[in-house]
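Order of the sequence lines sets the chain letters (A, B, ...), proteins ahead of strands, with each chain counted from 1. Keep in mind that what you see is a predicted model, and the values were worked out from it rather than measured.
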Amino acid sequence: MREMLPWREPVPLDGTMGEPRARGRFGEYGGRYAPESLVEACREVDEAFREAWADPGFRGALARLLAVHAGRPTPLTPARRLSEALGVQLYLKREDLTHTGSHKINNVLGQALLATRMGRRRLIAETGAGQHGVATATAAALLGLEATVFMGERDIERQALNVFRMRMLGAEVVPVTTGSRTLKDATSEAMRHWVGASGDSHYCIGSVVGPDPYPWMVREFQRIIGDEARGQCAAELRTGVPDYVVACVGGGSNAAGTFAGFADTPARLVGVEAEGGAGAARGRLGVLHGCRSLFLQDGDGQITQAHSIAAGLDYPGVGPEHAHLRDLGRARYVTVTDDEAVGAAVRLARTEGIVPALESAHALAWVIRAAGGGDLSAGSTVLMTLSGRGDKDVSTLKELL
Amino acid sequence: MTNPTLAAGAVERHLRARRDTGRGLLMPYVTGGITPGWTDYLRAFAAAGADAIEVGLPFSDPTLDGVTIQQASETALARGASTRRILADLSGMPDLGVPLVASTYYNLVLHDGPEAFCAALRRAGVGGLIVPDLPVHEADELTDVAAAAGIELVLLATPATPQPRLAEISCRSRGFVYAVSLMGTTGERAALAASAAELTERIRRVTDRPVLLGFGISTPDQAREARRHADGVVVGAAVMRRVLDGAGPDELRAFLATLRQALDQECDRPR
Ligand SMILES: Cc1ncc(COP(=O)(O)O)c(C=O)c1O
């Protein structure tokens with residue numbers, strides 16, 4: 001990791017994570033590469049979101065739902081024992097403490113409220129780890145909507161607890177049996193379904209991917225993570241702003257929401273991908289699921305299957321804004337292995353009494369490695385988003401430990 | 001006014017000429033590389049009276065395709081099919097006298113780069129290109145490059161497309177306008193969608209380019225019905241289901257002949 005390029009400072013204007021440029025572009029990435037059948041539906045979502053986001057009534061209603069239903073704001077927890085061992089000051093933004101147990105609820109409450117405003121009666125979603133599916137099922141129940149969740153057969157096996165939760169919440173879970181039977185294929189199937197259902201259903205995408213306006217809209221709904229953390233850091237940290245801001249990256253929504261709160265500061269932004277799903281670190285320019293971004297591909301241009309112990313990071317691409325932040329040098333993308341993530345999960349459990357989601361454990365694994373290897377200088381302040389809790393991964397961990 | 005026939009490319013000229021004889025146009029689809037001798041299907045299609053042939057370049061994530069073409073894509077890829085190999089197979093074929101139109105997802109175009117991709121199509125004798133996940137507002141990157149390489153970029157129109165956009169699509173499409181008959185993915189359906197008639201009527205209001213209806217058309221009756229509204233039909237999943245079930249070129253030729261016959265029957269066309 002030492003040979004990495006120097007950090008790009010000051011922040012380039014274009015990297016402050018504002019509104020995308022015309023036609024949903026983040027640099028050369030993004031756009032609306034949707035089949036013609038969905039272009040009108042995307043336009044409707046775009047128009048509705050712009051109106052809603054400028055409407056204090058909508059913002060107020062969402063803020064209230066986030067407070068009374070999801071339990072926001074979430075705390076900033078100093079990881080005291082682990083910090084001492086690592087020689088850095090580590091703070092955890094506790095998205096694991098939200099209702100449903102991950103940051104996914106922030107985005108879903110926003111989109112579900114938008115769907116009701118648009119007169120839709122049903123939510124369609126894809127899910128990998130099941131966290132986005134559970135959040136969607138929860139928001140649907142709360143707002144009186146129906147929910148249909150597409151999930152790869154392989155993920156249904158490894159995240160059985162979440163499948164049960166979704167069904168208990170009244171959602172229909174549709175197994176996807178094509179391709180790698182994970183998140184990529186669940187997303188394809190949800191899009192196919194949306195083509196025939198756009199009249200009465202809203203496609204509630206779970207990360208900062210998909211056709212414009214989704215990458216931007218989902219980041220805006222997730223920016224509450226970064227905005228809250230910014231204020232909490234200002235109050236708690238001697239330096240006001242942390243030296244490093246770290247989050248795991250599947251599609252990239254918890255990272256985008258976290259980064260958005262710090263993009264205009266000197267904080268160094270680090271996105272941590274799974275070794276086997278490193279779209280930002282190893283992807284090539286391509287178009288998938290409605291946007292132009294970086295994707296893992298073979299020599300013929302076929303999308304390759306991702307492999308990660310964390311179902312939520314098992315995606316061969318990354319959101320377009322991350323691709324852009326990478327090109328700008330504003331954020332850096334690194335990878336960790338399954339073993340490192342499992343080790344980090346155990347370490348957090350034993351030093352801080354927190355069992356993290358395996359996705360979030362990836363972010364921690366990088367912090368541990370970088371502190372040990374000297375990439376994080378002694379005494380650095382590090383803000384890490386703990387995107388979710390580990391209950392869903394207990395059966396996976398049980399087999400390994 | 002410029003003469004549209006003179007301005008048109010070879011695929012469009014061919015389709016216009018056939019249409020002007022009163023013939024209903026038939027464009028069957030085959031997934032490239034689906035079987036070892038897959039180009040025999042092309043010969044069979046031509047012999048059955050196809051007016052153009054669509055050759056799918058399989059992609060790992062065909063997000064606008066239903067189960068049949070998904071399966072066909074997976075099968076072809078598992079056999080080692082790739083853009084390069086499929087185009088090499090086409091290059092080795094004698095001219096069938098029927099224009100070839102490639103169809104694929106945009107990732108495969110970007111992978112080679114639009115220029116190299118279109119040049120390779122041209123070298124393989126392909127005249128047109130359909131990219132279902134490249135809507136008109138994102139197509140700038142490809143339109144001029146395709147035109148310069150002599151590739152006619154066909155755009156799709158759907159029942160959800162508003163009228164002003166439909167006019168833009170019809171104007172910028174080359175070869176023909178691909179009318180997506182219904183709001184859904186490719187795949188066989190029990191009946192022609194009701195939305196097909198309204199869509200083709202709306203397209204006709206803004207262009208005299210050939211209009212082919214596709215998605216779901218699976219039987220001679222449906223082809224006959226489609227012919228009442230459009231200049232012709234695209235038949236994909238109904239062909240590929242038979243291929244996946246093991247039907248050889250002769251059986252496909254017989255099946256397409258029934259569609260050909262249906263399209264040739266006199267019908268009371270609205271215009
Ligand atoms: C707990 C948790 N963290 C992270 C992710 C990855 O998603 P993203 O990169 O969009 O935050 C997931 C996805 O399922 C998740 O459940």
Below 30° counts as parallel, above 60° as perpendicular, anything between as tilted: where do the rings of A:Y333 and A:H322 land? perpendicular
- Query: Are any of the side-chain nitrogens in A:R219 or A:E321 under 4.0 Å away from the carboxylate oxygens of its partner?
  - Reply: yes
Ring centres under 6.0 Å, that's the criterion: do A:W216 and A:F26 meet it?
no
From the list A:Q297, A:M191, A:H289, the residue making the most non-hydrogen contacts under 4.5 Å with chain B is A:Q297
Within the 3.5 Å criterion, strictly below it, is a donor on A:Q111 or A:H202 matched to an acceptor on the partner's side chain?
yes
Report the C-alpha separation of A:D185 and A:R154 in whole Å, then their side-chain angles, then the decisive distance to 0.1 Å, and conclude whether the salt bridge (Lys or Arg N to Asp or Glu O under 4.0 Å) test is met. CA-CA 11 Å; A:D185 310 283; A:R154 178 144 183 268; over 6 Å; no
In terms of heavy-atom contacts, A:H193 and A:I124 come closest through CD2-CD1, 3.6 Å
Whatever's closer than 4.5 Å to a heavy atom in chain A on B:A157 counts as backbone
Applying a strict 4.5 Å limit to non-hydrogen atoms, the region of A:L288 in contact with chain B is side chain
Ranked by heavy-atom pairs below 4.5 Å to chain B, first place among A:P35, A:G31, A:G290 goes to A:P35
So, the part of B:P58 with a heavy atom under 4.5 Å from chain A: the answer is backbone
Would A:E273 and A:L313 count as a side-chain contact (heavy atoms from CB on, under 4.5 Å) here? Give the steps.
CA-CA 7 Å; A:E273 298 186 289; A:L313 304 187; over 6 Å; no
Given the options A:R43, A:R292, A:R25, A:R32 meets side-chain contact (heavy atoms from CB on, under 4.5 Å) only with A:R43
Okay, A:E36 and chain B: the region with an atom under 4.5 Å from a heavy atom over there is both
In terms of heavy-atom pairs under 4.5 Å with chain A, the winner among B:N107, B:T158, B:V136 is B:N107
Interface check, chain A: of B:L156, B:D61, B:L64, most non-hydrogen pairs under 4.5 Å belong to B:D61
When the 4.5 angstrom heavy-atom criterion is applied to A:E189 and chain B, the contacting part is side chain
Okay, B:L182 and chain A: the region with an atom under 4.5 Å from a heavy atom over there is neither
Counting heavy-atom pairs under 4.5 angstrom with chain A, the leader among B:V67, B:L134, B:D65, B:V109 is B:D65
In plain terms, say whether B:D89 and B:R85 are close enough for a salt bridge, that is, a side-chain N and a carboxylate O under 4.0 Å apart. no
Scored by heavy-atom pairs under 4.5 Å with chain A, the best of B:H137, B:Q71, B:R84 is B:H137
>> Tell me if the CD atom of B:E115 is crowded by more than 12 foreign heavy atoms within 6.0 Å.
In response: no
Ranking B:P159, B:G66, B:P62 by heavy-atom pairs under 4.5 Å to chain A gives rank one to B:P62
Honestly, the part of A:S198 sitting under 4.5 Å from a heavy atom of chain B is side chain
So, the part of B:L77 with a heavy atom under 4.5 Å from chain A: the answer is side chain
